[in-house]
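Starting from 1, each residue takes its place in the sequence as its number.
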Amino acid sequence: MRNLVEFTKGEDNPDYLKLTSLLHIKDTTTGIQDDTLFEIYKNIFGDFPANANPFKGAVLDLVFQEADSCLNDGDSANFENKIVLSIAVRLRAEQYMLRRINDSALPGKITGHQTTELLNRLRKDFPDDATIATMDRIILTPKNIHLNYV
């Protein structure tokens with residue numbers, strides 16, 4: 001949805017910014033509720049999703065709940081599970097790096113590829129951090145969660 005908003009309305013659009021805050025840990029991420037996400041969906045597609053079950057809670061919590069559910073699906077790694085897990089893993093990685101770096105102003109200063117910039121800062125501040133190799137693997141986000149164009 002974020003890429004559709006980007007292509008049709010631009011990166012300055014409020015919906016684009018909110019959706020970016022659901023893919024990266026920003027100052028506003030924890031406050032975005034599911035009804036806001038459903039309104040963005042409605043703005044793009046004209047109606048609420050048929051299977052929408054709002055729980056009046058934070059979308060970030062929902063992402064992590066859904067990721068936990070994916071882990072209970074056994075060995076059936078379907079496309080939807082891969083997307084949810086990719087997003088949840090990146091969000092958890094960013095949460096870890098932000099806690100480790102401990103610079104509350106940092107998310108507001110990042111203008112480029114946030115996960116990469118956080119990892120670069122982690123490397124600089126904590127070159128011996130044992131998680132750096134794992135974070136390297138995480139930032140190689142699978143291309144299937146992006147809408148790429150040529």
**Student:** Sequence neighbours excluded, which residues qualify as side chain to side chain donor-acceptor pair (under 3.5 Å) partners of Asp68?
**Tutor:**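 Side chain to side chain donor-acceptor pair (under 3.5 Å) list for Asp68, sorted by chain: empty.
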**Student:** Any idea which heavy atoms bring Ala58 and Gln33 closest together, and the distance?
**Tutor:**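 For Ala58 versus Gln33, the nearest heavy atoms are N-OE1, 3.5 Å.
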**Student:** Identify the two heavy atoms, one from Asn43 and one from Asp15, that lie closest to each other, and give their separation to 0.1 Å.
**Tutor:**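 Between these two residues, the closest heavy atoms are ND2-OD2, 3.3 Å.
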**Student:** Distance alone, cut at 3.5 Å: any donor-acceptor contact between the side chains of Asn3 and Glu6?
**Tutor:**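 Note: Asn3 and Glu6 side chains meet the donor-acceptor criterion.
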**Student:** Looking at side-chain heavy atoms only, is the closest gap between Tyr16 and Arg2 below 4.5 Å?
**Tutor:**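 Side-chain contact under 4.5 Å: yes.
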**Student:** Name all residues meeting the side-chain contact (heavy atoms from CB on, under 4.5 Å) criterion together with Leu106; count only those two or more places apart in sequence or in a different chain, and write none if there are none.
**Tutor:**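 Here the qualifying residues are Leu98, Ile101, Asp103, Ile110, Leu118, Arg121.
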**Student:** Could you pull out all residues at least two apart from Gln95 that satisfy side-chain contact (heavy atoms from CB on, under 4.5 Å)?
**Tutor:**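 In terms of side-chain contact (heavy atoms from CB on, under 4.5 Å), with neighbours along the sequence ignored, Gln95 is linked to Ile25, Leu60, Phe64, Arg92, Arg99.
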**Student:** Quick one: does Thr36's side chain have a donor or acceptor within less than 3.5 Å of a partner on Ile32's backbone?
**Tutor:**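 No.
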**Student:** Apply side chain to side chain donor-acceptor pair (under 3.5 Å) to Asp129 and list each qualifying residue two or more places apart in sequence or on a separate chain.
**Tutor:**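 Listed in chain order: Tyr96, Arg100, Thr131.
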**Student:** Mind listing the closest non-hydrogen atom pair of Arg90 and Leu23 along with its distance?
**Tutor:**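 Smallest heavy-atom distance, with atoms named: NE-O, 3.4 Å.
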**Student:** Counting C-beta onward and ignoring hydrogens, is there a side-chain heavy-atom pair between Arg123 and Asp136 closer than 4.5 Å?
**Tutor:**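 Touching, per the 4.5 Å side-chain cut-off.
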**Student:** Once rounded to the nearest 0.5 Å, what's the spacing between atom CG of Asn120 and atom OG1 of Thr115?
**Tutor:**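 Result: 11.0 Å between the selected atoms.
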**Student:** Of all residues at least two apart in sequence or in a different chain, which pass the side chain to side chain donor-acceptor pair (under 3.5 Å) check with Asp61?
**Tutor:**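 Result, side chain to side chain donor-acceptor pair (under 3.5 Å) vs Asp61: none returned.
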**Student:** Which heavy-atom pair separates Pro107 from Ser104 by the least distance, and what is that distance?
**Tutor:**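 Shortest heavy-atom separation between Pro107 and Ser104 comes out as CD-O, 3.5 Å.
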**Student:** What heavy-atom pair brings Leu119 and Ile139 nearest, and what distance separates the two atoms?
**Tutor:**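 Nearest heavy atoms, Leu119 then Ile139: CD2-CD1, 3.8 Å.
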**Student:** List the atom of Val63, the atom of Val84, and the distance in Å for their closest heavy-atom pair.
**Tutor:**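 Minimum heavy-atom separation between Val63 and Val84: O-CG1, 4.1 Å.
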**Student:** State the CE-CG distance between Met1 and Leu19, to the nearest 0.5 angstrom.
**Tutor:**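 Between atom CE of Met1 and atom CG of Leu19 there are 5.0 Å.
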**Student:** What residues form a side chain to side chain donor-acceptor pair (under 3.5 Å) with Asp27, not counting sequence neighbours?
**Tutor:**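 With neighbours one apart ignored, the set is empty.
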**Student:** Sequence neighbours left out, what passes salt bridge (Lys or Arg N to Asp or Glu O under 4.0 Å) with Asp35? Give chain and number order.
**Tutor:**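 Expected list: none.
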**Student:** Under the side-chain contact (heavy atoms from CB on, under 4.5 Å) test, which residues partner Lys26, sequence neighbours left out?
**Tutor:**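 Residues passing side-chain contact (heavy atoms from CB on, under 4.5 Å) with Lys26: Thr20, Ser21, His24, Thr28, Thr29, Gln114.
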**Student:** Report the distance from atom CG of Leu22 to atom CD1 of Ile87, rounding to the nearest 0.5 Å.
**Tutor:**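 These two atoms lie 9.0 Å from each other.
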**Student:** Measuring from atom CD of Glu94 to atom CD of Glu117, what distance do you get when rounded to the nearest 0.5 angstrom?
**Tutor:**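 It is 10.5 Å, given to the nearest 0.5 Å.
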**Student:** Please list, chain by chain and in numerical order, all residues satisfying ring pair (Phe, Tyr, Trp, His ring centres under 6.0 Å) with Phe45, sequence neighbours excluded.
**Tutor:**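 Applying ring pair (Phe, Tyr, Trp, His ring centres under 6.0 Å) to Phe45 gives Tyr41.
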**Student:** Mind checking what makes side-chain contact (heavy atoms from CB on, under 4.5 Å) contact with Leu85, not counting sequence neighbours?
**Tutor:**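 Partners of Leu85 under the side-chain contact (heavy atoms from CB on, under 4.5 Å) test: Ala67, Cys70, Leu71.
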**Student:** Decide side-chain contact (heavy atoms from CB on, under 4.5 Å) for Leu17 and Asp12; before the verdict, give the C-alpha distance in whole Å, the side-chain angles of both, and the deciding distance to 0.1 Å.
**Tutor:** CA-CA 7 Å; Leu17 297 173; Asp12 293 333; 5.8 Å; no
**Student:** Any side-chain heavy atom of Met135 sitting closer than 4.5 Å to one from Ile138?
**Tutor:**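 Yes, at least one pair of side-chain atoms sits under 4.5 Å.
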